[in-house]
Amino acid sequence: MCRLFGMSAGRARVSATFWLLDAPDSLTRQSHVNPDGTGLGTFDEAGRPVLEKQPLAAWHDAEFSSEAKERRSATFVAHVRHSSGTAPRPENTHPFELDGRLFAHNGVVEGMPLLEQHLGPAMGRVRGDTDSERLFALVTAETAAAGGDVGAGMERALGWVAEHLPVYAVNVVLTTPTELWACRYPDTHALWLLDRRRPVEGLDHRSESGTHVVSDDLADAPCVVVASERLDQDPGWRMLDPGVLVRVGPDLAVTERAVVDPEPRHRLEPDDLGAAAASQRPTGR
């Protein structure tokens with residue numbers, strides 16, 4: 001399955017090098033089994049989105065390593081892709097950007113003709129073939145209809161999908177220059193949260209190979225991380241409850257509320273999926 005990463009450091013501009021490159025189960029390591037695309041989304045000092053992505057595996061993409069070391073932002077979203085049937089092309093590579101927000105998705109949603117019909121004119125903003133980009137277009141349209149309220153837009157979009165479309169998994173991460181939003185839906189795939197809001201002396205871990213890794217960049221910058229897998233051995237990782245929307249605000253306050261019934265009306269099982277999509281079934285990690 002695809003892998004998601006999101007991080008917020010509130011208003012502090014930091015790097016995420018440890019999580020993206022150096023952690024025992026970093027996104028680069030995960031890309032060895034998710035080879036169909038790599039993307040990193042950040043924001044510059046003016047709050048403008050910076051989107052860098054290639055239809056290549058992160059371990060094979062020298063630019064990703066450079067970007068992961070150089071980029072500083074208050075929020076991050078990254079994705080390594082395992083295609084569920086659409087081609088590994090730039091326009092199908094996560095994250096996606098609309099209205100100054102960045103979005104990445106892990107999962108499979110079917111019934112695209114119905115979703116496209118529901119989107120109407122908003123389909124004009126979709127450039128690729130993925131269900132993920134169409135889902136983001138729906139979130140964006142509902143957010144606009146709610147006067148820019150991202151929480152309301154996410155709730156309306158997820159509710160419509162759960163009611164009308166066959167759903168295998170809709171794990172999502174959305175970022176703005178100062179906020180992070182995440183939801184695990186339903187309980188098909190894992191989505192973990194690590195709360196590191198208390199200052200620490202730096203990340204200090206030993207990888208499986210015994211390599212000693214220290215990241216001082218986050219030593220004085222508390223943060224909150226969400227990821228498809230526990231990226232290190234920190235005991236603070238916890239699984240998000242299905243159907244619960246998480247918001248990490250500019251002050252790093254973490255709020256959670258249930259926004260959609262944990263069980264979609266039309267739940268897909270692995271046997272319902274095509275061969276490519278079925279490869280996204282849970283790995284147990």
Side-chain angles (χ1 to χ4, degrees), residues 1-6 27 30-31 33-37 39 77-89 92-96 103-119 123 126 128-140 142 154-174 181-193 226-229 239-246 258-285:
M1 63 176 183
C2 304
R3 299 299 196 274
L4 292 171
F5 168 84
L27 243 66
Q30 294 173 27
S31 74
V33 291
N34 296 271
D36 297 321
V77 58
H79 185 275
V80 290
R81 182 174 184 240
H82 192 301
S83 173
S84 57
T86 54
R89 298 189 289 136
N92 291 336
T93 306
H94 305 226
F96 303 101
F103 178 92
H105 165 232
N106 168 22
V108 177
V109 180
E110 295 187 347
M112 289 303 98
L114 179 59
L115 176 53
E116 292 173 0
Q117 180 182 6
H118 181 67
L119 283 170
M123 263 301 295
V126 174
D129 307 316
T130 64
D131 55 348
S132 305
E133 190 182 9
R134 285 155 176 76
L135 178 61
F136 185 29
L138 179 61
V139 170
T140 302
E142 293 291 1
M154 293 274 279
E155 180 174 1
R156 293 179 184 182
L158 290 171
W160 189 90
V161 168
E163 178 68 19
H164 294 93
L165 301 182
V167 173
Y168 183 60
V170 186
N171 285 7
V172 298
V173 174
L174 183 152
W181 301 80
C183 189
R184 174 186 177 222
Y185 188 71
D187 59 358
T188 311
H189 293 329
L191 192 60
W192 299 84
L193 183 144
V226 293
S228 298
E229 298 185 13
M239 185 82 73
L240 296 179
D241 291 329
V244 171
L245 180 63
V246 176
V259 297
V260 61
D261 191 299
E263 188 64 27
R265 173 168 288 196
H266 310 284
R267 181 167 184 151
L268 294 171
E269 300 297 337
D271 290 344
D272 300 321
L273 305 177
S279 66
Q280 292 204 41
R281 69 185 64 192
T283 62
R285 300 182 64 185

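Quantities reported herein were computed from a predicted structural model and do not represent experimental measurements.
Side-chain N or O atoms of N92 include one that pairs as donor or acceptor with a backbone N or O of D129 at under 3.5 Å. Panel note: side chain D187, backbone P242; no donor-acceptor pair is recorded below 3.5 Å. Under a 3.5 Å cut-off, the side chain of H79 and the backbone N or O of T93 do not form any donor-acceptor pair. With N171 contributing its side chain and Y185 its backbone, the two residues share a donor-acceptor pair below 3.5 Å. In terms of modelled atom types and a separation under 3.5 Å, the side chain of S228 and the main chain of L4 share a donor-acceptor contact. R184 places a side-chain N or O within donor-acceptor distance of the main-chain N or O of H189, the cut-off being under 3.5 Å.
For the pair P186 and A169, the tightest heavy-atom approach, listed with the atom from each and the gap, is CD-CA, 4.1 Å. Nearest approach of V173 to G6, heavy atoms of both residues: CG1-CA, 4.1 Å. Of all heavy-atom pairs between G128 and E133, the closest is N-OE1, 2.7 Å. The heavy-atom pair separating L191 from V172 by the smallest distance is CD2-O, 4.3 Å. The minimum heavy-atom distance linking V260 with A162 is given by the pair CG2-CB, 3.6 Å.
Between the CZ atom in R267 and the OH atom in Y168 there is a gap of 9.0 Å [rounded to 0.5 Å]. How far CG of D261 is from CG of L158: 12.5 Å, rounded to the nearest 0.5 Å. Taking CG of L138 as the reference point, atom CZ of R156 lies at 11.0 Å (rounded to 0.5 Å). Atom CD in E110 sits 12.5 Å away from atom CG in L115 (nearest 0.5 Å). Taken from CG in L245 to CE in M154, the straight-line distance is 5.0 Å, to the nearest 0.5 Å. The CZ atom of R134 lies 14.5 Å from the NE2 atom of H118; values are rounded to the nearest 0.5 Å.
Shown here are the salt bridge (charged side-chain N to carboxylate O under 4.0 Å, His left out) partners of E142, two or more places apart in sequence or in another chain: there are none. Under the rule for a ring pair (Phe, Tyr, Trp, His ring centres under 6.0 Å), the partners of F136 that lie at least two apart in sequence or sit in another chain are F103. Applying the ring pair (Phe, Tyr, Trp, His ring centres under 6.0 Å) criterion to H266, with sequence neighbours excluded, gives no partner residue.
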